[in-house]
There are 2 protein chains.
Amino acid sequence: MRIGQLARRSGVSVRALRYYEEQRLLESARTPGGQRDYPDEALERVQLIQDLFAAGLSSRTVVELLPCVSTGVATPAMLDQLIIERDRIAARIQDLTRAKTKLGRVIENVTAAKVVQD
Amino acid sequence: MRIGQLARRSGVSVRALRYYEEQRLLESARTPGGQRDYPDEALERVQLIQDLFAAGLSSRTVVELLPCVSTGVATPAMLDQLIIERDRIAARIQDLTRAKTKLGRVIENVTAAKVVQD
DNA sequence: CCTAAACCTGACGTCGACGTGAGGTACGAG
DNA sequence: CTCGTACCTCACGTCGACGTCAGGTTTAGG
């Protein structure tokens with residue numbers, strides 16, 4: 001599979017895929033002409049990378065954790081890092097939940113005020 | 001209250017407070033000498049701004065929503081925006097929850113493998 | 001009056017995940 | 001062989017929420 005097709009299938013840009021390779025998140029074989037050639041598994045990998053980015057991990061962290069996320073084998077340091085990131089995500093969820101509740105209350109207030117006004 | 005004290009009380013930097021003013025998120029009176037002088041309510045306001053930033057809102061969005069968040073009065077457009085942001089936060093929470101679950105499973109796998117190995 | 005600490009206004013630097021444009025090469029269809 | 005499209009490698013631009021440095025002013029205390 002070439003880069004354009006992988007981009008369309010995964011929903012990320014061609015530029016992003018090259019960036020992933022630059023950051024050593026994603027490898028590619030090359031055609032004799034020098035064009036990238038991806039195996040089918042690359043699709044899952046790109047989706048995994050996207051998930052981790054969406055969770056707020058940096059590319060540096062992702063590159064450290066990708067091996068154990070995909071293989072299930074981890075060094076103690078990697079396990080620590082995994083736990084740190086999971087806890088960070090949990091804390092972030094707390095923050096967002098609080099903010100959502102706050103906005104929800106504002107919406108209720110505003111709506112109530114409007115109803116009264118009507 | 002002067003800027004340094006507000007910074008210490010709210011836990012944000014002096015630079016950040018000046019930035020908030022630049023973005024019209026926060027007002028200040030001035031002493032005859034030109035130094036910022038904040039009322040006590042500024043503390044709550046800064047905390048509110050922080051909460052909204054933490055929820056991923058941009059300063060532009062915050063400046064649009066601050067009036068109704070603090071006063072409870074909103075135009076229809078503001079109400080729409082409030083709902084959009086709340087839903088965006090909810091979606092973000094979903095993403096993070098999925099990622100957290102995924103990392104949790106990886107941690108379980110790794111831990112299980114290690115226990116077996118022991 | 002003097003000094004140190006806190007404050008002021010520019011204005012440039014940062015970081016991460018790409019976007020974007022330039023200038024050139026590879027590939028598949030006809 | 002040729003054309004159009006996809007691809008290649010630099011390499012600079014972007015955006016947002018500040019950090020940081022420079023050079024000067026204000027304030028509170030002794």
Side-chain angles (χ1 to χ4, degrees), chain A residues 1-39 42 45-66 81 85 88-89 92 95-96 99, chain B residues 1-39 42 45-66 81 85 88-89 92 95-96 99:
Chain A
M1 183 173 19
R2 288 195 301 175
I3 198 170
Q5 195 172 6
L6 180 57
R8 278 188 302 275
R9 285 193 188 169
S10 62
V12 313
S13 71
V14 168
R15 176 67 174 98
L17 294 176
R18 295 204 187 104
Y19 176 73
Y20 295 167
E21 183 166 330
E22 194 181 321
Q23 301 298 308
R24 303 183 164 282
L25 301 176
L26 182 65
E27 299 177 71
S28 66
R30 296 297 181 116
T31 67
Q35 302 199 351
R36 288 173 179 81
D37 187 22
Y38 297 96
R45 184 155 185 120
V46 171
Q47 286 165 348
L48 176 57
I49 294 171
Q50 286 286 300
D51 284 351
L52 295 177
F53 274 154
L57 306 205
S58 70
S59 73
R60 211 177 61 83
T61 306
V62 173
V63 78
E64 286 169 8
L65 294 185
L66 260 181
Q81 185 74 8
E85 294 301 335
R88 218 180 39 71
I89 293 171
R92 186 97 183 93
D95 285 354
L96 289 177
Chain B
M1 181 173 21
R2 289 194 303 174
I3 198 170
Q5 194 171 5
L6 180 56
R8 277 188 301 275
R9 285 193 188 170
S10 62
V12 313
S13 70
V14 167
R15 177 66 174 97
L17 294 176
R18 295 203 187 105
Y19 176 73
Y20 296 167
E21 183 166 330
E22 194 181 322
Q23 301 297 309
R24 304 183 162 282
L25 301 176
L26 182 65
E27 301 176 72
S28 66
R30 298 297 180 116
T31 67
Q35 301 200 352
R36 288 172 179 83
D37 187 23
Y38 297 96
R45 186 158 184 115
V46 171
Q47 285 163 348
L48 175 57
I49 294 171
Q50 285 286 301
D51 285 350
L52 294 177
F53 275 154
L57 306 204
S58 70
S59 72
R60 210 177 61 84
T61 306
V62 173
V63 79
E64 286 169 8
L65 295 186
L66 261 181
Q81 185 73 6
E85 293 301 334
R88 217 181 40 70
I89 292 171
R92 186 99 183 93
D95 285 355
L96 289 177

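Naming: A, B, ... by sequence-line order, numbering from 1 per chain.
- An angle of 10°, rounded to 10°, separates the two end axes of the helix from C:dC1-D:dG30 to C:dG30-D:dC1, each defined over five pairs.
- As rounded to whole Å, 15 Å separates atom P of D:dC7 from atom CZ of A:R15.
- Partners of A:T31 by side chain to side chain donor-acceptor pair (under 3.5 Å), not counting sequence neighbours: none found.
- For the contact set between residues 47-59 of chain B and DNA chain D, defined by any heavy atom under 4.0 Å, the members are B:F53, B:L57, B:S58, B:S59.
- The two residues A:S28 and A:Y38 make their nearest non-hydrogen contact at CB-CE2, 3.5 Å.
- Under the side chain to side chain contact (heavy atoms under 4.5 Å, CB included) criterion, A:V63 pairs with A:R24, A:L25, sequence neighbours left out.
- When atom types are taken as modelled, the side chain of A:D37 and the backbone of A:M1 share a donor-acceptor pair closer than 3.5 angstrom.
- Residues passing the side chain to side chain donor-acceptor pair (under 3.5 Å) test with B:E27: none are found, sequence neighbours excluded.
- DNA chain D lies under 4.0 Å from at least one heavy atom of each of the following residues of residues 3-13 of chain A: A:I3, A:G4.
- For A:R36, the salt bridge (charged side-chain N to carboxylate O under 4.0 Å, His left out) partners are A:E21, not counting sequence neighbours.
- First and last contacts of DNA chain C with chain A, using any nucleotide atom under 4.0 Å from a protein heavy atom and ordered 5' to 3', fall at C:dA17 to C:dC27.
- Contact detail for A:Y19 and A:S59: the closest heavy-atom pair is OH-OG, 4.2 Å.
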Open item on the list: With side-chain contact (heavy atoms from CB on, under 4.5 Å) as the criterion, how do A:L66 and A:L48 come out once you've worked through the C-alpha distance, each side chain's angles and the decisive distance to 0.1 Å?
Closed with: CA-CA 9 Å; A:L66 260 181; A:L48 176 57; 3.6 Å; yes
Could you go through nucleotides 26-30 of chain D and list every protein N or O atom that sits under 3.5 Å from one of its N or O atoms, giving the distance for each pair?
| residue | atom | partner | partner atom | Å |
| --- | --- | --- | --- | --- |
| D:dT27 | OP1 | B:T31 | OG1 | 3.1 |
| D:dT27 | OP1 | B:G33 | N | 3.2 |

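- When rounded to the nearest whole Å, the span between CD of B:E21 and C1' of D:dC18 equals 15 Å.
- Listed by first then second residue, pairs satisfying salt bridge (Lys or Arg N to Asp or Glu O under 4.0 Å) with a partner in residues 51-65 of chain A read A:D51-B:R98, A:D51-B:K102, A:R60-A:E64, not counting sequence neighbours.
- Partners of B:R88 by salt bridge (charged side-chain N to carboxylate O under 4.0 Å, His left out), not counting sequence neighbours, listed by chain and number: B:E85.
- Counting non-hydrogen atoms under 4.0 angstrom, B:R30 reaches the backbone sugars and phosphates but no base.
- Partner of A:Y20 under the side-chain hydrogen bond (donor to acceptor under 3.5 Å, both in side chains) criterion, chosen from A:R45, A:Q50, A:R15: A:Q50.
- Closest approach of A:L96 to B:A54, counting heavy atoms only: CD2-O, 4.0 Å.
- Counting non-hydrogen atoms under 4.0 angstrom, A:R36 reaches the backbone sugars and phosphates but no base.
- Between B:V14 and A:R18, it is A:R18 whose nearest contact on DNA chain D lies nearer the 5' terminus.
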For residues 3-14 of chain A, run the donor-acceptor check on the side chains, cut-off 3.5 Å, and write out each pair with its distance to 0.1 Å, sequence neighbours left out.
| residue | atom | partner | partner atom | Å |
| --- | --- | --- | --- | --- |
| A:S10 | OG | A:L6 | O | 2.7 |
| A:S10 | OG | A:A7 | O | 3.4 |
| A:S13 | OG | A:A16 | N | 2.9 |

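- If you take CG on A:D95 and CZ on B:R92, they are separated by 11.5 Å, rounding to the nearest 0.5 Å.
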